[in-house]
Amino acid sequence: MGNSNVRRLRFRSLRQKLNISQRQLSIDLNISESHIRNIESGRGNPDAKLLFKLSNYLKTTPEYLFPDLADVNIKRFVKESYCHYYKRSI
């Protein structure tokens, strides 16, 4: 959790650079101020809808705001030489 706290500095820094308080952001996006605090501290995460609202509001990308949420490893399931995505042998 400490690592996500450091990564959440982008969100906090951008909000402060634009001179937007946590209270104002919560009012504008119709969410609780405590939820904003939890997101900034890394104790909480925005849901998908809020993630895009925050990015649009702050005029940036979700990946830039929350690199800890964007850092996801994806493993594709491919059994031997058969690819289930295309239903044919590869």
Side-chain angles (χ1 to χ4, degrees):
M1 186 150 7
N3 195 17
S4 68
N5 191 15
V6 172
R7 292 180 177 188
R8 297 292 171 93
L9 287 176
R10 284 185 182 173
F11 175 50
R12 177 178 294 160
S13 297
L14 185 55
R15 179 185 58 75
Q16 291 171 339
K17 181 181 175 183
L18 296 171
N19 201 26
I20 301 165
S21 68
Q22 289 178 337
R23 181 167 175 75
Q24 187 60 52
L25 183 59
S26 70
I27 291 168
D28 291 346
L29 297 181
N30 196 30
I31 58 173
S32 72
E33 190 175 347
S34 65
H35 191 40
I36 295 294
R37 282 194 303 272
N38 287 335
I39 291 170
E40 281 191 3
S41 69
R43 288 187 309 260
N45 292 318
D47 62 16
K49 189 173 182 178
L50 180 56
L51 179 64
F52 286 100
K53 277 183 169 182
L54 288 166
S55 339
N56 287 333
Y57 186 91
L58 298 171
K59 297 182 180 8
T60 189
T61 64
E63 295 86 0
Y64 178 81
L65 277 183
F66 302 105
D68 59 312
L69 298 179
D71 185 23
V72 177
N73 292 324
I74 299 172
K75 292 183 181 179
R76 209 182 267 188
F77 174 74
V78 178
K79 187 175 180 181
E80 296 174 16
S81 65
Y82 183 79
C83 180
H84 70 280
Y85 291 110
Y86 299 106
K87 305 289 186 214
R88 62 179 175 86
S89 295
I90 53 175

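Residues: numbered from 1 along the sequence shown.
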Next on the checklist: Once rounded to the nearest 0.5 Å, what's the spacing between atom CG of Leu69 and atom CZ of Phe11?
Outcome noted: 11.0 Å
Item to check | Side-chain heavy atoms of Tyr57 within contact of Ile20, under 4.5 Å | outcome: yes
Checklist entry - In terms of heavy-atom contacts, does CG of Asp47 have more than 12 from other residues, nucleotides or ligands at under 6.0 Å? => result yes
Next on the checklist: Are Ile36 and Leu18 connected into the same hydrophobic cluster when the rule is that any two of I, L, V, M, F, W, Y join if their side-chain heavy atoms are below 4.5 Å apart?
Outcome noted: yes
Checklist entry - Atom CG of Leu14 and atom CG of Leu9: how far apart are they, to the nearest 0.5 Å? => result 12.0 Å
Checklist entry - Nearest 0.5 Å, what's the CZ-CD distance between Arg10 and Glu40? => result 15.0 Å
Item to check | Shortest non-hydrogen contact between Arg15 and Gln22, atoms and distance | outcome: NH1-N, 3.4 Å
Checklist entry - Got a sec, which residues hit side chain to side chain donor-acceptor pair (under 3.5 Å) with Ser32, two or more places apart in sequence or on another chain? => result Ser34
Checklist entry - Name the one of Leu50, Leu65, Asn45 that satisfies side-chain contact (heavy atoms from CB on, under 4.5 Å) with Ile39? => result Leu50
Checklist entry - Roughly how far, to the nearest 0.5 Å, is CD1 of Ile27 from CD of Glu33? => result 8.0 Å
Item to check | Flag, side chain of Arg8 to backbone of Ser41, donor-acceptor distance under 3.5 Å | outcome: no
Checklist entry - Minimum heavy-atom separation for Pro46 to Leu54, with atom names? => result CB-CD1, 4.2 Å
Checklist entry - Roughly how far apart are Ser55 OG and Tyr64 OH, rounded to 0.5 Å? => result 12.5 Å
Checklist entry - Which distance, rounded to the nearest 0.5 Å, do you find between the NZ of Lys49 and the CG of Leu29? => result 11.5 Å
